[in-house]
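Structure first, commentary second.
Below, all heavy atoms of this structure are taken into account, side chains as well, without hydrogens, waters or symmetry copies. Within every chain, numbering begins at 1; the chains are lettered A, B, ... in the order of the sequence lines, protein sequences first and strands thereafter.
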Protein chains: 2
Amino acid sequence: MKLSSRGHYGLMAITYLAQKASDGPIPIKVIAAAEEIPEQYLEQIIVDLRRAGLVTSVRGARGGYKLGHPPEQINVGQVVKALEGEIAPVECLHSQEDTPEACCSKTDNCKTKVVWEKLRDTMVAVLDDITLHDIITGSSKLTLHAES
Amino acid sequence: MKLSSRGHYGLMAITYLAQKASDGPIPIKVIAAAEEIPEQYLEQIIVDLRRAGLVTSVRGARGGYKLGHPPEQINVGQVVKALEGEIAPVECLHSQEDTPEACCSKTDNCKTKVVWEKLRDTMVAVLDDITLHDIITGSSKLTLHAES
DNA sequence: CTAATCTTGACTGTGTGAGTCAGGATTATG
DNA sequence: CATAATCCTGACTCACACAGTCAAGATTAG
């Protein structure tokens with residue numbers, strides 16, 4: 001039940017960009033050094049963030065990366081989805097609208113599916129609710145552990 | 001962000017036991033056939049459930065497995081923890097009380113940690129809240145998607 | 001005694017995650 | 001224009017964990 005390092009690194013990197021949003025474009029080298037992420041590996045990761053529109057790149061000398069949107073408009077769910085694909089604790093849950101119940105062959109016998117659906121929905125809700133702005137300001141959303 | 005097949009199979013198996021709770025001990029062979037789990041693999045998995053006290057075994061001919069507690073007293077969190085270890089979306093979060101901040105070397109710079117903590121806490125809360133009884137009765141807890 | 005069952009540990013193979021390497025494309029700057 | 005700084009791309013390696021198998025032993029009902 002683990003995130004891969006891509007999601008972890010990716011969030012670190014984009015959070016760093018959010019903190020430096022007022023500066024010009026930040027070279028990958030700088031992010032990598034600051035967050036202690038292997039530079040070449042970070043390149044791969046940031047490609048996916050760019051493709052998802054979460055960061056934008058400026059090529060050439062003095063280039064680098066900037067946030068694609070203001071920090072309030074980027075949430076952790078987007079980052080994780082861009083880097084790890086859809087959140088789905090078990091295979092069955094990958095959006096296969098075509099094959100309605102193809103996975104758990106036993107159709108209705110698979111009583112456990114709802115458990116993973118519920119888990120997934122909760123995870124998505126949590127991640128979608130946290131923005132980069134929340135992270136860099138240390139929003140109470142993150143610090144106090146409110147149980148509804 | 002995936003569960004391994006152990007957790008998936010394990011929950012299926014123990015849910016099956018919960019449904020057959022009134023029967024005598026159920027042989028692994030029967031569970032494996034019913035839930036379409038490789039028998040030898042299920043053996044491995046169920047060992048961990050037994051060690052955690054979630055199921056009990058009856059050895060010898062006419063033996064098999066039974067629930068270790070009534071279905072209301074076994075929750076999904078226990079099952080997952082028994083089979084996959086502690087739930088922790090990123091390494092940093094494994095209970096290392098000894099090395100307080102050893103992982104994210106940058107100590108307070110690691111602003112993203114709280115995100116994963118929050119995620120973990122939420123996941124644990126969800127899983128701990130769902131019992132086998134909820135699963136076999138199709139509790140509304142699982143079916144309606146209440147957003148607080 | 002024997003067959004049914006759990007119990008244990010070693011074993012294998014495949015895939016993915018994590019990271020590296022090498023080279024090409026783009027652009028600011030002097 | 002030349003050069004250096006940067007992004008961009010794809011192929012590559014390596015180790016490890018996951019998923020599953022195999023084989024043999026211990027227990028017990030009948």
_Minimum-distance pair of heavy atoms, taken over all atoms of L17(A) and I31(A)_ =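 Heavy-atom minimum between the residues: CD2-CD1, 3.8 Å.
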_On a heavy-atom basis, which atom in P25(A) and which in R62(A) lie closest, and how many Å separate them?_
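Between these two residues, the closest heavy atoms are CG-O, 3.8 Å.
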Mind calculating the distance between [atom1] ([X]) and [atom2] ([N]) to the nearest angstrom?
| X | N | atom1 | atom2 | value |
| --- | --- | --- | --- | --- |
| K2(B) | dG17(C) | NZ | C1' | 12 Å |
| Y9(B) | dG20(D) | OH | C1' | 9 Å |
| Q40(A) | dC14(D) | CD | C1' | 16 Å |
| L42(B) | dT7(C) | CG | C1' | 14 Å |
| M1(B) | dT16(C) | CE | P | 18 Å |
| L49(A) | dT9(D) | CG | P | 14 Å |
| I45(B) | dC6(C) | CD1 | P | 14 Å |
| D48(A) | dC7(D) | CG | P | 16 Å |

_Apply side-chain contact (heavy atoms from CB on, under 4.5 Å) to residues L132(A) and L67(A) and explain how you reach the verdict._
CA-CA 10 Å; L132(A) 295 186; L67(A) 284 190; 4.0 Å; yes
Taking only the side-chain nitrogens and oxygens of [X], find out if one of them lies under 4.0 Å from OP1 or OP2 of [N].
| X | N | result |
| --- | --- | --- |
| S57(B) | dT5(C) | no |
| R59(B) | dG25(D) | no |
| R62(A) | dT29(C) | yes |
| S4(A) | dT16(C) | no |

Compare the minimum distances between each of [options] and the side chain of [X], then state the nucleotide with the smallest one.
| X | options | answer |
| --- | --- | --- |
| A61(B) | dG20(D), dT8(C), dA3(C) | dA3(C) |
| S5(B) | dA18(C), dC6(C), dG20(D) | dG20(D) |
| R50(A) | dT9(D), dA29(D), dA19(D) | dT9(D) |

*asked:* If hydrophobic clusters are built from ILVMFWY residues whose side chains come within less than 4.5 Å, do Y9(A) and I136(A) share one?
replied: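 No; tracing contacts between hydrophobic side chains, which count when under 4.5 Å, never links both residues.
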*Pairwise 5' ranking along DNA chain C for I26(B) and Q44(B), keeping only the more 5' one*: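 Between the two, 5'-proximity favours I26(B).
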*Where each residue is assigned the nucleotide of DNA chain C containing its nearest heavy atom, which of Y41(A) and K29(B) is assigned the position nearer the 5′ end?*
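First, find each residue's nearest nucleotide; the 5'-ward one identifies K29(B).
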*Select base, sugar-phosphate, or nothing to describe what I46(A) touches, counting heavy atoms under 4.0 Å on all strands.*
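Touches nothing.
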*asked:* Closest-nucleotide mapping onto DNA chain D: is R51(A) or G60(A) further toward the 5' terminus? I mean the 5' end.
replied: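 Upstream on the strand: G60(A).
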*asked:* I135(A) and side chain to side chain contact (heavy atoms under 4.5 Å, CB included): which single residue from I14(A), L11(A), N75(A) fits?
replied: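 By the side chain to side chain contact (heavy atoms under 4.5 Å, CB included) criterion, I135(A) pairs with just one of I14(A), L11(A), N75(A): L11(A).
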